[in-house]
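Notes for the one structure printed next.
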Number of protein chains: 2
Amino acid sequence: MDGVLADVELGFIERKALETGHRLSFDQIKGKPERANFPKLDEWVLDDRFFRDLAVMPHSQRVVEQLCTRYEVFIVSAATEFPPSLSQKMDWLGAHFPFISWRNICFCGSKTIISADIMIDDHYKNLDPFKGETTLLFNQAHNAEQPDGRHRRVFDWLEIENILL
Amino acid sequence: MDGVLADVELGFIERKALETGHRLSFDQIKGKPERANFPKLDEWVLDDRFFRDLAVMPHSQRVVEQLCTRYEVFIVSAATEFPPSLSQKMDWLGAHFPFISWRNICFCGSKTIISADIMIDDHYKNLDPFKGETTLLFNQAHNAEQPDGRHRRVFDWLEIENILL
């Protein structure tokens, strides 16, 4: 969800700009871990609006809705680390992805318990242990300068559309 | 979680007693679907205290803590159908099972996305599609008169302790 459907990096950039008056560019945060660019991240994500206000990744709504006609799509989000995010994420999905049923939403901690064929994620810690056949690494600043490993890097939802549809 | 760690049937009985002044016994609700015994169930579970106040199943805390020394234990709860339950369930686990990390908590809709070796559950809809090797059907009034199928029925946590420890 974060860094794939919800633009959490943009959320961090905007929050930091609000606090410091200085807006970081994508190039400035590229290649560094999220907590190096945004040391106050762990405080921000406990806010009761942070996740609710995140922007939707371009083209993700249309492509995910199309994926649902051909695949059984689950939204799996590592959310239990930040309990206030749970209801915000539920509301955010209802607002932006109303065609996703509650049956297909999963809020977890570790994603090692998830079984599926394809995983789209921006974190190696989720993709590396995944036992399904296809892993798509969603390009984000924090992973931009790491090697792709056995995963296929994708830069936006149009690329996912081409691969999966 | 519900019907295995949290005594949701007792919660329903108490809620109905509060509203009607008449307390149903386990024998009276046995063998009937939950919504037949408790037609107002779907209203109660949207309450912002219902899940928070549920009693802990006898012996479950001690046995789950012991299981954690020998197994990788995940608490998987079908919770996204009732969004107000999410934060209550998080708090309930923190209060009664503080040794369970957020990493090992998973709130989902359908449990078909869950991969594990052993599942303990009170619902056939969760146990039947499970691909792991061991399924334990936790005896509850709503499943008490159905055949066990390919699952092994257990009546309490002492029995689970004997089987798994």
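Naming convention: chains lettered A, B, ... in sequence-line order (proteins, then strands); numbering from 1 in each chain.
Residues B/Trp92 and B/Leu46 fall within the same hydrophobic cluster, defined by Ile, Leu, Val, Met, Phe, Trp and Tyr side chains chained together at heavy-atom separations under 4.5 Å. B/Leu93 is connected to B/Val73 through a chain of hydrophobic side-chain contacts under 4.5 Å among Ile, Leu, Val, Met, Phe, Trp and Tyr, so both are in one cluster. There is no path of hydrophobic side-chain contacts, each under 4.5 Å, that joins A/Met57 to A/Leu10.
In this structure, A/Arg62 places its CZ atom where more than 12 heavy-atom neighbours from other residues, nucleotides or ligands lie under 6.0 Å away. Within a 6.0 Å radius of CD in A/Glu72, other residues, nucleotides and ligands contribute 12 heavy atoms or fewer.
Of all heavy-atom pairs between B/Ile113 and A/Val76, the closest is CD1-CG2, 3.8 Å.
Judged purely by atom type and a 3.5 angstrom limit, B/Thr80 uses its side chain to pair as donor or acceptor with the backbone of A/Trp102.
Side-chain contact check for B/Cys106 versus A/Cys106: some heavy-atom pair is nearer than 4.5 Å.
How far CD1 of B/Ile105 is from CD of A/Glu81: 11.5 Å, rounded to the nearest 0.5 Å. Atom-to-atom distance recorded for A/Phe107:CZ and B/Met90:CE is 12.0 Å, nearest 0.5 angstrom. Atom CZ of A/Phe74 is separated from atom SG of B/Cys108 by 8.5 Å, given to the nearest 0.5 angstrom.
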